[in-house]
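What you see is a predicted model; the values in this text were computed from it and never measured. Each chain gets a letter, A, B and so on, in the order its sequence line appears, and its residues count up from 1.
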2 protein chains.
Amino acid sequence: MDRVDIKRLAEKLNLSTSTVSRAFRGNSDINPETKARILSMAKEFNYQPNHYASNLRDKKSNTIAIIVPELANNFFSQAIHGIERVAREKGYYTLIYVTDDEYEKEVMFIEKLYNGRVDGIIMSVSGEANDHAYLNKRGAKSIPLVFFDRVYDDIDVPKVTTDDYTSSFDGTLHLIEGGCKKIAFLVVNKSLSIGNIRMQGYRDALKDAGIPFDERLVIDCSNDYSKNYGILTEMLREQRPDGLFASVERLAISSYYVCHDLGIRIPEDIKIVSFSSLEIASLLNPALSTITQPAYDLGTNAAELLFKTLEGKTEVKDHIVLSSKLIPRKSSVVV
Amino acid sequence: MDRVDIKRLAEKLNLSTSTVSRAFRGNSDINPETKARILSMAKEFNYQPNHYASNLRDKKSNTIAIIVPELANNFFSQAIHGIERVAREKGYYTLIYVTDDEYEKEVMFIEKLYNGRVDGIIMSVSGEANDHAYLNKRGAKSIPLVFFDRVYDDIDVPKVTTDDYTSSFDGTLHLIEGGCKKIAFLVVNKSLSIGNIRMQGYRDALKDAGIPFDERLVIDCSNDYSKNYGILTEMLREQRPDGLFASVERLAISSYYVCHDLGIRIPEDIKIVSFSSLEIASLLNPALSTITQPAYDLGTNAAELLFKTLEGKTEVKDHIVLSSKLIPRKSSVVV
DNA sequence: TTGTAAGCGTTATCAA
DNA sequence: TTGATAACGCTTACAA
C-alpha cells in the first residue's frame, strides 16, 4: 500500500529493475513498447524514482542552494524568481536559505552544504563580518559558488552585480542638481563591498560638484528598524541635511517615518533618493525616487553562470555588471 | 583530496565506519575519547555525513516543502519565516516552491514530491482550478500535508487560517460607518475558499446595514496587474462606487494607481480597505487602511501542526483559526 | 533488448 | 565499547 519502489514495479511488470530504471532515463536502449508499459504502470501507481537513491548513486543532487540575507524584500524575491526560472529549465531544484543578515547562519548553511546536498550555491552575502576564510576551507572549493549583488571581493568566484558606482554617482548628482548642498549618505555596512562602492560614487559626485565630503554625514545604520529610527532622528535633528541618499531601501523607509514624525517635509525640506526595488515606490507619500536594480536579471545571470561552471563549460571567473535605472519621482523633485 | 567520506575518516583513525558513524548520532554507546578524536578529525577535514546516504538509509529526509503562490509578497515571506523558525528548531530543512498562482505548477510540484524528497508539505494553494483530486491519488496520502491561509475545503488535512469572515465583516462595516453606500468587493477568485468566505463577510455586513447586495459590485480580478488596471478602470467609471473592499493586497495597489490616474480622490471620493501585510501601508498616499493577518504566526502554527503529524503525536485534523487586525488609516477616514 | 550484480555512503543489528 | 555486515532504492557495466 505504501510507497511503490522500482522493485515492486518490476515484479508487477515481470521485468527486471534495470529495465524499469531504463524507462526513466533518456539515453538507454529499451523497447518503446516496454517503456510505454512501464510508464503507464508507473503513472497508475504514482511512482517516482526515489530522489535520494538516485542521487546517492549518481553523486549528483540536481539541486542548487540560494542563500540570501532576507526574503521580505522585493529585490531578493525577484532575484530568486530569476534564479528559479533558469534552474527549473535545467531540471534543478532550488533550496532557499535566509540568513537574516547573520554571519553565523551564513557560515552554518555553507558548512552544512558540504554534505553533498547541493551541486552549487548562489549567494548574496550577509556581510556582517569580515572573516571570509570559511569559504576557502577544505571542502568549500569542491562546490561551485556564485555571488550576486552583495559580494566578498576577496573571494575569487564568479559574480554578478550592478553598476553601483555609476548609479550612486548619478543619484547623488541628481540631488545636487536639485539644489542639495548637504547630502547625508545612509549605509548599513560601509565595509561591505556594496556599501563601500556606493559610497565612493557618492563621494565622487560631491567632489565633482565642489562640495566637501563630511564624515559626519555618512550614517552607519543597522538592520534593525527601531535602532535606525533612533539613529536617523538624531542625525536629522543635529545635522539638518537637505538631501538623503539611501544606499539601501529600508533606510529610505525609516527616513520617511522619521521625517513624517519630525514634520520635515519631503521634498521641500529634504530630498530623498534611494536604492530600491519597491514596486509601489510611486504610491508612497511622496513618491520615492529610486535607483532600481534589474533584480530578476541579476538572478538569471547568476544562475546561468553557475550552470556554466556546473557543466564544466569553462572555469568561469567572470564578473558580470548590469545597469540600474535612476527613476526620479517626487521625493527628490519640487514641483 | 575531494569529498571525505566516512570510510576515509575511519581509515585515518584506524577505526571502523560504524564507530565513526556512532560519533555523529546522539544515542549510541561510544567511548567519549574516541568520539572526541573522531569529531576533531572530522572537523579538520570538514566532513559532513552525506545527506543522501543517510536519508536513503533512514527513509527520512528531514526536509519539508513549503509551497506558496508567490514570494514577492510580505504575507508569504513572513509566513515562510515563521515556518522556517520552527523547522530549524526541529532540525529540518525547508524547500520552497513558488507556483506563481499556476495550478499546473502546483500539481507538478506535489507529484514530484512523492519521490521521498520531503517528509511533509505546507501549502497555501493557488486556487486557479477546481480539481483537487490529485491530492487524493495513491501516494498523496502517504505524505503529510498542511494548508495555511488559502485552502481547499474539500481536502481533509489540517489547516491554519485567519478569521476571514469576521474581519471582512468588520472591514465592510468600517466602510459603511464611514458613510459608504456603494461598496465594491474586489476578489481574485471567488470560488476559492478564501475569496468566498471574505465575500460572505462583506455580504452579511451589507445586509445588516440594510444595503442591498449588488452582483455588479463584485469584481472578479486576475493576478495580472495590467489586466486588473483595465478591469478596475472600467468598473470605477461605470459603477462609481464610494467604497472599495479589496480582498487581496494587490487589488488595493491597483486601485490606488487607477484612482490616481482617474483623479478619484481617496478617501474623499472613495474609501478603501484592504487585506494587506504591507509594512509600509502607513507611508502610502494616502495611508492604506488594512486588515492585517498574523502571517508569521500562521507560519509557525502550520509548521507545528505538520510536525505534530510527523511525530505521530496525533492524527491531527485540526483547523486553527487566528485573528486578523483591522487598522483604519487615512484611506478610509476623512479627517 | 533485457537481466544480473555491484556499489553509491550511511546506519542498525548483531556478534565479539 | 567496537567491528562486520546487510540493507536502503537506484543505476550502470557487463553478460546473456
J.: Please identify each residue that fulfils ring pair (Phe, Tyr, Trp, His ring centres under 6.0 Å) with B:Phe147, with sequence neighbours left out.
T.: B:Tyr152

J.: Measure the distance from NE2 on A:His51 to C1' on C:dG9 and round it to the nearest whole Å.
T.: 16 Å

J.: Would you tell me whether B:Ser61 and B:Asp119 have side-chain atoms, one donor and one acceptor, within less than 3.5 Å of each other?
T.: yes

J.: Between P on D:dC10 and CZ on A:Arg8, what's the gap in Å once rounded to a whole number?
T.: 12 Å

J.: Please confirm whether the shortest side-chain N or O distance from B:Lys7 to OP1 or OP2 of C:dG9 is below 4.0 Å.
T.: no

J.: Would you call A:Arg37 and A:Glu33 a salt bridge, using N to O less than 4.0 angstrom?
T.: no

J.: Rounded to whole Å, please give me the gap between CG in B:Leu13 and C1' in D:dG3.
T.: 15 Å

J.: Produce the list of close N/O pairs, under 3.5 Å, pairing protein atoms with atoms of nucleotides 4-6 of chain C; give distances to one decimal.
T.:
from  : atom 1 : to      : atom 2 : distance (Å)
C:dT4 : O4     : A:Ser18 : OG     : 3.0

J.: Strictly by salt bridge (charged side-chain N to carboxylate O under 4.0 Å, His left out), give each pair with a member in residues 74-83 of chain A just once, sequence neighbours left out.
T.: none

J.: To the nearest Å, how far apart are B:Leu9 CG and D:dG3 C1'?
T.: 16 Å

J.: Got a sec, which pairs hit salt bridge (charged side-chain N to carboxylate O under 4.0 Å, His left out) with one end in residues 51-74 of chain B, sequence neighbours left out?
T.: B:Glu70-B:Arg250

J.: Is it true that B:Lys308 and B:Glu304 have a side-chain N and a carboxylate O under 4.0 angstrom from each other?
T.: no

J.: Of all residues at least two apart in sequence or in a different chain, which pass the ring pair (Phe, Tyr, Trp, His ring centres under 6.0 Å) check with A:His319?
T.: none

J.: What is the distance, rounded to the nearest whole Å, between atom CD of A:Gln48 and atom C1' of D:dC10?
T.: 14 Å

J.: Return the nearest nucleotide to the side chain of A:Thr34; candidates are D:dT1, C:dT1, C:dT2.
T.: C:dT2

J.: With sequence neighbours excluded, tell me which residues meet ring pair (Phe, Tyr, Trp, His ring centres under 6.0 Å) with A:Phe76.
T.: none

J.: Between the two end axes of the helix from C:dT1-D:dA16 to C:dA16-D:dT1, each built from 5 base pairs, what angle do you get to the nearest 10°?
T.: 40°

J.: Under 4.0 Å from OP1 or OP2 of D:dC10: is there any side-chain N or O of A:Ser54 that close?
T.: no

J.: From the options D:dG9, D:dT12, C:dT2, select the nucleotide whose nearest atom is closest to the side chain of B:Leu56.
T.: D:dG9

J.: Expressed as a whole number of angstroms, how long is the span from B:Asp58:CG to C:dT11:P?
T.: 7 Å

J.: Would you mind reading off the distance between B:Ile6 atom CD1 and D:dT5 atom C1', rounded to a whole angstrom?
T.: 14 Å

J.: I want to check one thing: is the phosphate of D:dG9, taken as OP1 and OP2, less than 4.0 Å away from some side-chain N or O of A:Tyr47?
T.: no

J.: List in chain and number order the residues that pass side-chain hydrogen bond (donor to acceptor under 3.5 Å, both in side chains) with A:Gln293, two or more places apart in sequence or in another chain; answer none if no residue qualifies.
T.: A:Asp149, A:Thr162

J.: Base, sugar-phosphate, or nothing for B:Asn55, non-hydrogen atoms under 4.0 angstrom?
T.: nothing

J.: Want to settle it: does A:Ser21 or B:Pro32 sit nearer the 5' end of DNA chain D, counting the closest nucleotide to each?
T.: B:Pro32

J.: Which whole-number value in Å describes the distance from B:Arg25 CZ to D:dT1 P?
T.: 18 Å

J.: For B:Phe75, check ring pair (Phe, Tyr, Trp, His ring centres under 6.0 Å) against everything at least two apart and list the hits.
T.: none

